[in-house]
Amino acid sequence: MTPDWSRSCFPPEAVQELTALSDLAGSPASGEARALDRSLLRGVAWTAAARWGSQGLNWLAWLIVARLLSPEDYGLVGMAAVYLGLVTLLAEFGLGTAVLAGRELSREQLSQLNGLAVLVGCVSLLASVVAAFPLGHFFRAPQLPLVVVAMSATFVITSFKTVPFALLQRAFRFKQLALIDLGQAVVLAISMVGLAVAGLRYWTLVCGALLGALISTAAVLRLSHPRLAWPRPKALKQAMTLSFDVVIARVCWYVSANADFLVAGRVLGRAALGFYNVGWTMASVPVDRIAALVAQVTPAFFAAVQNDRAALRRYVLRITEGIALITFPLALGLALVARDFVLVVLGSRWEGTIGPLRLLAAYAAFRSIVPLLPQALQIIGDARFEMWRMAAAATIMPVSFYVCGQRWGTIGLAVAWMFLDPVLAVPLYRRVFSKIALSPKAYLVALWPALSATALMAVVVLTVGAVGRGWTAGARLSAEIGAAMVTFGLACLVLHRERLQAFAELVVAARRGSEGRP
């Protein structure tokens, strides 16, 4: 089934590009598919350039700040983050997904959704004010209530950009969104280092969160500012049904995904939470940046082909293959060099991070390719399945964290992630494969280049580590990283040259399309 590309799947300028390319190709369907590929690749390219630029700045600032702050400072903010992250999901209320999937929404309905977003943000701030002191008592941290209240101001700030941001995504304005990310990263990196040097301790992290929210919201509102209207439930019934399923799934995901921090803070103590928090951050940041990059771009394109299962399958496979080629070597490589990396970059006082980091980094490789699947279900209107799956995870994972954490400490928390989360993902894979008629074999074929090249890389890195056992940690780490890069690159070139050539041709086509050349 060929989608109707002319009816609100693209903004006007994109429709014009599709039409022109179709005329040149002599085949409307193939021209439309190629044009959408090019639009997707350009969106990913702009977002990736900004994300990796901001990532470099964030990593540099984070490493400097980590050396200036203490594990207790990170532990205190980590306690606040357990609560604030959950309320953040409620404050967004799944409205961004509803705007992306609901292309038939009128201007008045969008205004009402915008008003609803701001209303929910204000309610979230009030709820945080009420909850702040009980949280401080629960964690036995008297400084925590003021931290929670201060960071909760971000709910109101970011509520003003929820709908405008989704509209910019739907219009494929990824270049502008990418530049916003990069500008935010520059200002934030400089500010947080300055605050840490000034001796603000944990307030460095609090002020960073507030400043980041202000910068991104102000920039988004300069590009898109739909009016505010009082929400009327009857007019928003369809959009609210989808957003409700999405937000419940996200809340359940958050409960399952952050119960480990709760156990670490309550059962193992602030220092253990600090070690685990830093280990999780180091393992997750490269992977999460890729996932965030994809999450910012792909929903708009999935929505454009939501009625064409063949096209949706193709994008799921291509994007999964691309994600795996980036995240698998990064995540598993970090797992292999975890000890040397922590000792060289953070210092010996962070040695407690090494154990959980090894396991969490290895697990992050799997975690990087899963978020694409719920996106596909949400766009085709099957968000309720993911809601129930996450409800099951919200029951199973906290119990597992408590049992494993009490028995094996922070390493036990990481073990629970490694062994239970993949099992809980099996129903999701079965559902997606069934809904879009995707075969497991095709999915594994898409993963094969990353799997095979990463396996060879691992063998070489382990060999270098064994040979360099008597070297200094810095020299061994440099040799391991160099060997990993060379081995992975050569493995891709030798074993998967055809895949790389096909990707290169797509890049060239996207570049020519952006320059207006046939």
Is there a side-chain contact (heavy atoms from CB on, under 4.5 Å) between Trp388 and Cys252? Walk through the geometry before answering. CA-CA 9 Å; Trp388 288 115; Cys252 292; over 6 Å; no

side-chain contact (heavy atoms from CB on, under 4.5 Å) for Val415 and Phe419? Distances and angles first, verdict last. CA-CA 6 Å; Val415 167; Phe419 289 97; 3.6 Å; yes

Trp448 vs His496, side-chain contact (heavy atoms from CB on, under 4.5 Å): CA-CA, chis, key distance, verdict: CA-CA 9 Å; Trp448 177 243; His496 309 291; 3.5 Å; yes

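Residue pairs meeting the salt bridge (charged side-chain N to carboxylate O under 4.0 Å, His left out) criterion with at least one member in residues 380-392, sequence neighbours excluded: Asp245-Arg384, Asp382-Arg431, Glu386-Arg389. Residues in residues 364-377 take part in these salt bridge (charged side-chain N to carboxylate O under 4.0 Å, His left out) pairs, two or more places apart or across chains: Asp288-Arg367. Applying the ring-ring contact (aromatic ring centres under 6.0 Å, His included) test to pairs two or more places apart or on separate chains, none has a residue in residues 455-485. Residue pairs satisfying the salt bridge (charged side-chain N to carboxylate O under 4.0 Å, His left out) criterion with at least one member in residues 331-347, sequence neighbours excluded, are listed as follows: Arg339-Glu351, Asp340-Arg476. Applying the side chain to side chain donor-acceptor pair (under 3.5 Å) rule to pairs touching residues 483-493 yields nothing, sequence neighbours excluded. The salt bridge (charged side-chain N to carboxylate O under 4.0 Å, His left out) pairs that include a residue from residues 450-464 number zero, where partners must be two or more places apart or lie in different chains.
With hydrogens and angles disregarded, a donor-acceptor distance shorter than 3.5 Å links the side chain of Ser256 to the backbone of Trp253. Here the side chain of Ser284 pairs no donor or acceptor atom with the backbone of Thr281 at under 3.5 angstrom.
For Ser478, the side chain to side chain donor-acceptor pair (under 3.5 Å) test picks out no residue, with sequence neighbours left out. Every side chain to side chain donor-acceptor pair (under 3.5 Å) that Glu321 has, sequence neighbours left out, goes to Arg499. By the side chain to side chain donor-acceptor pair (under 3.5 Å) test, Ser216 pairs with Lys161, sequence neighbours left out. When the side chain to side chain donor-acceptor pair (under 3.5 Å) test is applied to Arg313, no partner is found at least two apart in sequence or on another chain.
Pro164 has its side chain out of reach of Leu223: every pair of non-hydrogen atoms, C-beta onward, lies at least 4.5 Å apart. Contact annotation: the side chain of Trp417 approaches that of Phe401 to within less than 4.5 Å [non-hydrogen atoms, C-beta and beyond]. Leu330 places a side-chain heavy atom less than 4.5 Å from the side chain of Ile326. Side-chain atoms of Pro449 and Leu325, non-hydrogen and from C-beta on, do get closer than 4.5 Å to each other. Here the side chains of Leu377 and Leu373 are not in contact, with every heavy-atom distance at 4.5 Å or above. For the pair Leu447/Ile369, a side-chain contact is recorded, criterion being any heavy-atom separation below 4.5 Å from C-beta on.
The two atoms that bring Ser191 and Val187 nearest to each other are OG-O, 2.7 Å, heavy atoms only.
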Taking only distance into account, with no hydrogens and no angle test, what donor-acceptor pairs under 3.5 Å do side-chain atoms of residues 352-366 form with protein atoms, sequence neighbours excluded?
unit_1: Thr353; atom_1: OG1; unit_2: Phe275; atom_2: O; d: 3.2
unit_1: Thr353; atom_1: OG1; unit_2: Trp350; atom_2: O; d: 3.4
unit_1: Tyr363; atom_1: OH; unit_2: Asp421; atom_2: OD2; d: 2.7

Distance-only check: which donor-acceptor pairs under 3.5 Å involve side-chain atoms of residues 433-446, not counting sequence neighbours?
unit_1: Ser439; atom_1: OG; unit_2: Ala442; atom_2: N; d: 3.1
unit_1: Tyr443; atom_1: OH; unit_2: Tyr429; atom_2: OH; d: 3.0

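Counting non-hydrogen atoms of neighbouring residues, nucleotides and ligands closer than 6.0 angstrom, the CZ atom of Arg430 reaches no more than 12 such neighbours. Within a 6.0 Å radius of CE in Met418, more than 12 heavy atoms belonging to other residues, nucleotides or ligands are found.
Atoms CG and CD, on Leu312 and Gln375 in that order, are 10.5 Å from each other to the nearest 0.5 Å. Atom CH2 of Trp408 sits about 11.0 Å away from atom CG of Leu413, to the nearest 0.5 Å.
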